[in-house]
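Some notes on the structure that comes next.
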Amino acid sequence: MVKTVFNVLYRRLLQYYGPQGWWPIRNKSKNKGFDSGGYHKGDYSYPRTFKEAFEIILGAILTQNTSWRNVCRSVSNLNKENLLSPESVLSCCKETLSQIIRSSGYYNQKAIKLREISKFLIDKNYLSITKPPTREELLSVWGIGDETADSILLYAFKKHFFVIDTYTKRILFRLGILKEDKKYQEIQKLFHKNINQDLAIYNEFHALFVRHSKEYCMKKPYCSDCFLKDMCIYGKL
DNA sequence: CGCCAGGTGGGAT
DNA sequence: ATCCCACATGGC
């Protein structure tokens, strides 16, 4: 039963790694770089102001196919330049914006994406954490795909959308739960049907997949030391 | 040096 | 629908 496997998997990941404290956000008090924990502790780092939600939205776009480390600099730069609001992003010239987010890669495309989401939020008047856009509306914005939309809905607006990324697919495939060619919506449905409708679990489970993909289940995995090898079929073929 | 990183959109088939 | 590619920096 998939439900049982998910339950066991979640518990074991959480026990091994502990809470990941997503979404990571600038640590104001320390004023240096990023800190995955320590921000809104016990509240899974959910934003309390629209500015914080917008920071998450920007980060979700900037981290597309890009390491989080590279995104941190960009978001810090955006903060330094007072660009953590849709209005200020739009008022910034495109070339300047590109350079500010340079470290995230794809900076020309991403500068456009940041402007597009900013324009969307202003046009539709989605400028409060209690007034989220729909998934369909987000997907209609140029530069927002399935994963980014769900990241925004879950981590910025506390809506129940499970985030599927390449890591999630890879781990589930290696565990023998999924076939390789499953599509985003199908995988998401699998989670929605088989785990509790609990924000903390949606939040944490995805973050734990990312963590596990970095520690053990990378492209070239360290199966021999992996604490999940007893329930995994990968490498035993 | 090569490979990878919390994807997406566009164009050809 | 599905495959293929451009997009680009920084760490290891």
Side-chain angles (χ1 to χ4, degrees), chain A residues 13 17 19-26 33-37 44-47 53 55-78 94-120 135-157 161-174 179-188 191 202-222:
Chain A
L13 286 168
Y17 293 114
Q20 301 301 296
W22 274 37
W23 185 279
I25 198 160
R26 281 177 315 109
F34 277 72
D35 185 345
S36 292
Y44 287 88
S45 297
Y46 285 116
E55 177 181 325
I56 293 171
I57 292 170
L58 297 180
I61 290 170
L62 292 176
T63 198
Q64 289 171 355
N65 202 39
T66 300
S67 65
W68 182 251
R69 178 188 293 274
N70 284 0
V71 175
C72 290
R73 281 208 200 106
S74 298
V75 181
S76 291
N77 290 340
L78 287 166
K94 213 183 296 176
E95 286 68 32
T96 306
L97 187 58
S98 300
Q99 287 313 304
I100 288 170
I101 62 170
R102 185 176 184 278
S103 68
S104 301
Y106 310 131
Y107 48 79
N108 289 314
Q109 283 198 344
K110 282 174 178 174
I112 299 172
K113 294 181 182 183
L114 298 192
R115 295 173 66 88
E116 288 295 315
I117 190 66
S118 297
K119 191 158 76 69
F120 164 79
R135 190 173 196 276
E136 290 68 33
E137 286 175 317
L138 281 172
L139 289 176
S140 74
V141 179
W142 190 89
I144 308 286
D146 285 315
E147 187 189 336
T148 309
D150 289 330
S151 294
I152 290 170
L153 288 165
L154 176 62
Y155 292 108
F157 290 106
F161 290 89
F162 201 92
V163 179
I164 310 297
D165 62 358
T166 50
Y167 294 153
T168 311
K169 291 181 202 162
R170 185 202 289 163
I171 292 174
L172 292 188
F173 169 67
R174 287 177 175 171
K179 292 185 175 156
E180 264 181 318
D181 54 0
K182 284 289 183 195
K183 294 222 261 251
Y184 190 99
Q185 310 276 2
E186 298 182 65
I187 304 172
Q188 187 182 50
F191 279 94
Y202 276 53
N203 179 324
E204 198 61 62
F205 208 167
H206 171 67
L208 287 164
F209 278 127
V210 174
R211 178 71 183 275
H212 187 55
S213 295
K214 288 174 177 169
E215 303 260 343
Y216 291 101
C217 208
M218 41 279 259
K219 203 145 196 175
K220 189 171 157 51
Y222 288 123

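Just so we're on the same page: letters track the sequence lines, and every chain starts at 1.
- At the phosphate of C/dG10, OP1 or OP2 sits under 4.0 Å from a side-chain N or O atom of A/Arg102.
- Look at A/Thr63 and you won't find any side-chain N or O under 4.0 angstrom from OP1 or OP2 of B/dG7.
- Across all strands shown, A/Lys214 has heavy atoms under 4.0 Å from base atoms, whether or not it also approaches the sugar-phosphate.
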> side chain to side chain contact (heavy atoms under 4.5 Å, CB included) between A/Phe161 and A/Gln188: does it pass, once the steps are laid out?
Replying inline: CA-CA 8 Å; A/Phe161 290 89; A/Gln188 187 182 50; 4.1 Å; yes

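- Side-chain nitrogen and oxygen atoms of A/Thr166 include at least one within less than 4.0 Å of the OP1 or OP2 phosphate oxygen of B/dG7.
- Here the P atom of nucleotide B/dG7 and the CH2 atom of A/Trp68 are 12 Å apart, to the nearest Å.
- A/Gln20 places no side-chain N or O within 3.5 Å of a backbone atom of A/Arg211 that could act as its donor or acceptor partner.
- One finds no side-chain N or O of A/Arg170 lying less than 4.0 angstrom from the OP1 or OP2 phosphate oxygen of B/dC4.
- Residue A/Tyr107 has a polar side-chain atom (N or O) positioned under 4.0 Å from OP1 or OP2 of C/dT9.
- Nucleotide B/dG9 holds its P atom 13 Å from the OH atom of A/Tyr184, rounded to whole Å.
- Aromatic ring pairs are classed by plane angle as parallel below 30°, tilted from 30° to 60° and perpendicular above 60°; the pair A/Tyr17 and A/Tyr216 is tilted.
- For A/Lys183, taking side-chain heavy atoms from C-beta onward, the closest of the listed nucleotides B/dG10, C/dT2, B/dC4 is C/dT2.
- Taking 4.0 angstrom as the limit, A/Asn108 places a side-chain polar atom (N or O) nearer than this to OP1 or OP2 of C/dA8.
- Under a cut-off of 6.0 angstrom, the local environment of NZ in A/Lys169 is crowded, with over 12 non-hydrogen atoms contributed by other residues, nucleotides or ligands.
- Between A/Asp146 and A/Arg135, at least one side-chain N (NZ, or NE/NH1/NH2) sits under 4.0 Å from a carboxylate O, which counts as a salt bridge.
- Atom pair A/Ile101:CD1 and B/dA5:P shows a separation of 21 Å (rounding to whole Å applied).
- When distances run from any side-chain atom of A/Gln109 to the nucleotides C/dG10, B/dA5, B/dG7, the shortest one goes to B/dG7.
- In this structure, A/Met218 and A/Leu139 both approach DNA chain B, and ranking their closest nucleotides by distance from the 5' end singles out A/Met218.
- In this structure, CD of A/Glu147 is placed 12 Å from C1' of B/dA5, rounded to the nearest angstrom.
- Between the P atom of B/dT8 and the CD atom of A/Glu116 lies a distance of 15 Å, rounded to the nearest Å.
- Distance CG (A/Leu62) to P (C/dC7): 19 Å, rounded to an integer number of Å.
- Each of A/Trp142 and A/His206 was assigned the nucleotide of DNA chain B with the nearest heavy atom; the assignment lying further toward the 5' end belongs to A/His206.
- For the pair A/Glu147 (side chain) and A/Val163 (backbone), a donor-acceptor distance under 3.5 Å is absent.
- In this structure, the CD atom of A/Gln64 is 12 Å from the P atom of C/dA8, given to the nearest Å.
- Here A/Ile144 lies in heavy-atom contact (under 4.0 Å) with sugar-phosphate atoms only.
- Following rounding to the nearest Å, A/Tyr106 (OH) and C/dT9 (P) show an atom-to-atom distance of 11 Å.
- When heavy atoms are screened at a 4.0 angstrom cut-off, A/Ser213 is found touching no nucleic acid atom at all.
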